[in-house]
Structures are given as structure tokens and as C-alpha cells.
Protein chains: 2
Amino acid sequence: MAHRRALIKGSIDSLLLSLIGQKPMYGYQIIKELEQQSQGYFRLREGTLYPALHRMEEAGLISGGWQLLPSGQQRKYYHITEKGLLKLAEKRSQWQDYLVAMNLVIQPANA
Amino acid sequence: MAHRRALIKGSIDSLLLSLIGQKPMYGYQIIKELEQQSQGYFRLREGTLYPALHRMEEAGLISGGWQLLPSGQQRKYYHITEKGLLKLAEKRSQWQDYLVAMNLVIQPANA
DNA sequence: TTACAGTACCTAGACATACTATGTATCAAT
DNA sequence: ATTGATACATAGTATGTCTAGGTACTGTAA
């Protein structure tokens, strides 16, 4: 497995909650924002994003609603829920714990 | 999925290479060392460790050899290979890149 | 002496989840 | 008229960790 694919496992929810927590976003926008904010590192495919959004909506972490553009285009905007905010705080805390544990073992300072 | 299980995905190889790179180790010892060095965070199950070791040995990153203890016990000691050392350096570099990208997006400083 | 906990290895099958590939449709630009 | 970008979606695949189970030896305590 390519390293980005492997490491991203388990992080997608945190990334998506962080982004949607900034402001309501629609799927395609999330892909672009994620790539931009990570300076090109994260490049989600639609096939990765949309199932993740549906899973998170079903879990009550985000909530989506359709909006019709003047052009006739449909966009599904997602905003974060109360439950999602709690989950986001939890995820950030877990991320810190994980960081500490990883650094204790892989000792990048000695590398 | 429990958060540790999720985040650990893609990190196991880095952790194992780091540990075996410190000194040759056998499987059971790796579980104990990993738990100790991470201050209790990482608790690998045998069912997670051994397949990972076999996979990495097949990939030429580590090499294992049996040793017979005076007690009659068998232990399989693994040491890191040249290829494994290169992979370890690569993994450390990738880990740094991933860290930077994650922090750019999840902005724990603002949390 | 037997029962249990610890050491030490292993595999099979289940499960989660990110991947590739593909599909639909609209719009703007060439 | 065709391409590329926008915008959503699903089906099936691949990967890797998990749970659960198995074997076998050692030392200790009841």
C-alpha cells in the first residue's frame, strides 16, 4: 500500500470533521480545501470521500442538505452537528496521544 | 473501530522497524518493548504482530532466525536488514510529512 | 499433582475502510 | 463537438488489523 493511503486510514474522519467544522462545505469543495490546506499532501478521491460523508452523516456527526444553484446545479452542503463537535474534540485529543506515543517509539530526534 | 486500532494502521511497520532497528528482538519481546516504550499506549496482539513480522520478512526488511534457549524454549529473533534500514529512514521521512500535513488541516493549536 | 499464569509461536476468518473503476449530469471553453 | 472542470454516487477489490482459537513449555501456588 502506498504510504499516504496507509497513514490516512483512521484520519479521514478527523480531517473531514475539522474542515466541515470550519464552515459548511459540499463534497467537491472538501476535496479542494483539503488539498489546499495540506499544501497538496491530501488528495482525496470521490470514491473515498462520499462514502465517508455518508457514513458520518449516518453517525449523526454531520448533516447534509441540498442547495440549488441559479445555474441549476445541485450541491449537498454538510455542516457539523453538536455530536460532531464533541467527536472532533475527542479526535484532536486522541491525535495528540497518538503523536506522543509514536514519537516515544520511533524517536525521530535520534534519526 | 476503537481509535487506537484505526490510527495504528499504516504505522505498524514503522514501529516494528524502529524497535528491531534498536536491537534484534523476538516477537513476544517486541510486544512488551512496544508497550513499555510507548508508556502503555501500543498493545499489540499476537494475531497482529506475527503476520506483520512474516510480511516484513518476506519483503526482505527483517530477517529471522531460531535460537534455542538452555531451557529448551525456541525463540525467533529478528534483525533488521540493509533494505530495512533504508525503509526505516524512508518511513521516518514520510511520518514527518504526514505530521505536517495533518497539523495544517486539523490545527490543534487553535483547538 | 494439578491448576493457573506467563512465555512463545502460529493461523483462520471476520471486519473495517480506503482504493480503483465506473456511471450520471451540467457547464464553460476551444 | 469535444474536452476538462464541476458535482454527485455506487460496486467491487485490496489491504491490513482484529478476534478467536490453537499448540507447547516453564514456573509457581494451592
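Both backbone and side-chain heavy atoms feed into the values below; hydrogens, waters and symmetry mates do not. Here is how names work: the chains are called A, B, and so on, in the same order as the sequence lines, proteins then strands, and each is numbered from 1.
For the pair B/F42 CZ and D/dC18 C1', the interatomic distance rounds to 16 Å; values are reported in whole Å. As rounded to whole Å, 14 Å separates atom P of C/dA16 from atom CG of A/D13. Straight-line distance from the CZ atom of A/R45 to the C1' atom of D/dT10: 17 Å, rounded to whole Å. Atom pair A/Q67:CD and D/dC8:C1' shows a separation of 15 Å (rounding to whole Å applied). For the pair A/L53 CG and D/dT10 P, the computed distance is 11 Å after rounding to whole Å. Atom-to-atom, CD of B/E57 to C1' of C/dC10 comes out at 14 Å; the value is rounded to the nearest Å. Between the C1' atom of C/dT17 and the CG atom of A/L49 lies a distance of 14 Å, rounded to the nearest Å. A straight line from CD of B/E58 to P of C/dC10 spans 14 Å, rounded to a whole angstrom.
Under 4.0 angstrom from either OP1 or OP2 of C/dC9 there lies at least one side-chain N or O belonging to B/Y50. Between B/R75 and C/dA8, a side-chain N or O to OP1/OP2 separation shorter than 4.0 Å is present. Checking the phosphate oxygens (OP1, OP2) of C/dC9, no side-chain nitrogen or oxygen of B/H54 falls inside 4.0 Å. Between A/R55 and C/dA18 there is a side-chain N or O to OP1 or OP2 distance below 4.0 Å.
Remark: A/Y28 pairs with no residue by the ring pair (Phe, Tyr, Trp, His ring centres under 6.0 Å) rule, at least two apart or across chains. For the side chain to side chain donor-acceptor pair (under 3.5 Å) test, no residue two or more places apart in sequence or in another chain qualifies with B/Q29. Residues satisfying the side chain to side chain donor-acceptor pair (under 3.5 Å) test with A/Q73, not counting sequence neighbours, are none. For the side chain to side chain donor-acceptor pair (under 3.5 Å) test, no residue two or more places apart in sequence or in another chain qualifies with B/E57. Listed by chain and residue number, A/W95, A/Q96, B/W95, B/L99 satisfy the side-chain contact (heavy atoms from CB on, under 4.5 Å) test with A/L99 (two or more places apart in sequence, or in another chain). Evaluation of the side-chain contact (heavy atoms from CB on, under 4.5 Å) rule for B/E35 yields B/R43 as partners, not counting sequence neighbours.
For B/W66, counting side-chain heavy atoms from C-beta on, the closest listed nucleotide (C/dA18, D/dT17, C/dC9) is C/dC9. Out of D/dT17, C/dC9, D/dC8, the shortest distance to the side chain of B/K76 is found at C/dC9.
For B/S38 (side chain) and A/A101 (main-chain N/O), no donor-acceptor pair under 3.5 Å exists by modelled atom type. Between the B/S14 side chain and the B/K91 main chain, no donor and acceptor come within less than 3.5 Å of each other.
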Quiz prompt | Base versus backbone protein contacts along nucleotides 20-27 of chain D [heavy-atom cut-off under 4.0 Å; B, S, -] | solution = B----SS-
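Between B/Y98 and A/Y41, the ring planes are tilted. Angles from 30° to 60° get that label.
Under the ring pair (Phe, Tyr, Trp, His ring centres under 6.0 Å) criterion, the residue pairs touching residues 51-79 of chain B are B/Y26-B/Y77, with sequence neighbours excluded. Residue pairs meeting the salt bridge (Lys or Arg N to Asp or Glu O under 4.0 Å) criterion with at least one member in residues 17-33 of chain A, sequence neighbours excluded, are A/K23-A/E33. Note on residues 58-85 of chain A: no pairs pass salt bridge (Lys or Arg N to Asp or Glu O under 4.0 Å), not counting sequence neighbours.
The stretch residues 16-32 of chain A comes close to DNA chain D through A/Y26, A/G27, A/Y28, A/K32, each having a heavy atom under 4.0 Å from the strand.
Stem analysis of DNA chain D (at least three stacked-register Watson-Crick or G-U pairs, each with both distances under 3.5 Å) gives C:1-30 with D:1-30.
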